[in-house]
Amino acid sequence: MLTAEQMNDNPLPFAKLMGVRFVSITKDEVVVELEVRPDLCTAPMPTLHGGAAMALADTAGAVATVMNLPEGAKGTTTIESKTNFIGGAPSGITVRGTTTPIHRGGKTQVWQTRITRPDGKLVAVVTQTQLVL
């Protein structure tokens, strides 16, 4: 079973590039954080780029799926991702993504990630389907 400490000590390459930090990992929930840096923002408004929000959720959803892979599975890959952008996240804050299951099947798993600001306001809701390989 993966732990947040293990993921932070040996991060996924793209997650490392983005600066994703794992807060907690269980079979039922993965929590990640990301500092909203200027290089992760849109221009001219310094707010979190939609692709960065989606990548944060995709990282958490993949780890959640790995935690729930059936015996004999070789891995996972995202086959669908839908994002509803609700509000902005300005540069300088840290957003939190909380990923929970919608469906955990033997061939696919569906996860929802709610990305929030420190003040509790919702930034985005991402629903993704992971294929079990």
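- Under the 4.5 Å side-chain heavy-atom criterion for grouping Ile, Leu, Val, Met, Phe, Trp and Tyr, I93 is not connected to F85 through any hydrophobic cluster.
- Enclosure of atom CZ in R114 is not indicated, since only 12 or fewer non-hydrogen atoms of other residues, nucleotides or ligands lie within 6.0 angstrom.
- For the atom pair T108 OG1 and E80 CD, the distance stands at 10.5 Å (nearest 0.5 Å).
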Can you check side-chain contact (heavy atoms from CB on, under 4.5 Å) on R96 and V31, steps first, answer last? CA-CA 7 Å; R96 177 173 279 213; V31 179; 3.7 Å; yes
For this session: Given side-chain contact (heavy atoms from CB on, under 4.5 Å), test T113 with T98 step by step and report yes or no.
Result: CA-CA 5 Å; T113 302; T98 303; 6.0 Å; no
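- Two different hydrophobic clusters hold L69 and L133 under the rule that ILVMFWY side chains link at heavy-atom gaps under 4.5 Å.
- When all heavy atoms of A89 and V36 are compared, the pair lying nearest together is O-CG1, 3.6 Å.
- For N8 (side chain) and R21 (main-chain N/O), no donor-acceptor pair under 3.5 Å exists by modelled atom type.
- Atoms CD and CG, from E5 and N10 in turn, are 13.5 Å apart once rounded to the nearest 0.5 Å.
- Between S91 and C41, the shortest heavy-atom distance links the atoms CB-SG, 3.9 Å.
- Side-chain contact of W111 with T127: a donor-acceptor pair under 3.5 Å is absent, judged by distance alone.
- Distance CD/Q109 to OG1/T65: 4.5 Å, rounded to 0.5 Å.
- Considering NZ of K82 and CE of M54, their distance stands at 10.0 Å, rounded to 0.5 Å.
- Across all non-hydrogen atoms, the minimal contact from D28 to P101 is O-CD, 3.2 Å.
- For the atom pair OG1 of T59 and CE of M7, the computed distance is 8.0 Å after rounding to the nearest 0.5 Å.
- A donor-acceptor contact closer than 3.5 angstrom is absent between the side chains of T94 and E33.
- Panel note: side chain N84, backbone A124; no donor-acceptor pair is recorded below 3.5 Å.
- Distance alone, capped at 3.5 Å, is enough to place a donor-acceptor pair between the R117 side chain and the G88 backbone.
- V63 and I102 sit in two unconnected hydrophobic clusters of ILVMFWY residues. Membership requires side-chain heavy atoms under 4.5 Å apart, directly or through other members.
- Residues V30 and T26 come closest through the heavy atom pair CG2-O, 4.2 Å.
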* Can T76 and Q130 be said to form a side-chain hydrogen bond (donor to acceptor under 3.5 Å, both in side chains), step by step? -> CA-CA 6 Å; T76 182; Q130 294 278 335; 2.7 Å; yes
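- Side chains of I86 and V123 form no contact here, defined as non-hydrogen atoms less than 4.5 Å apart.
- Cluster membership for M67 and V20, using ILVMFWY side-chain heavy atoms within less than 4.5 angstrom, is shared.
- In this structure, V132 and G105 approach most closely via the heavy-atom pair CG2-O, 4.2 Å.
- Nearest approach of A62 to Q128, heavy atoms of both residues: N-OE1, 3.8 Å.
- Taking hydrophobic clusters as Ile, Leu, Val, Met, Phe, Trp and Tyr residues chained together by side-chain heavy-atom distances below 4.5 Å, L17 shares a cluster with V95.
- In this structure, L48 CG and L40 CG are separated by 6.5 Å, a value rounded to the nearest 0.5 Å.
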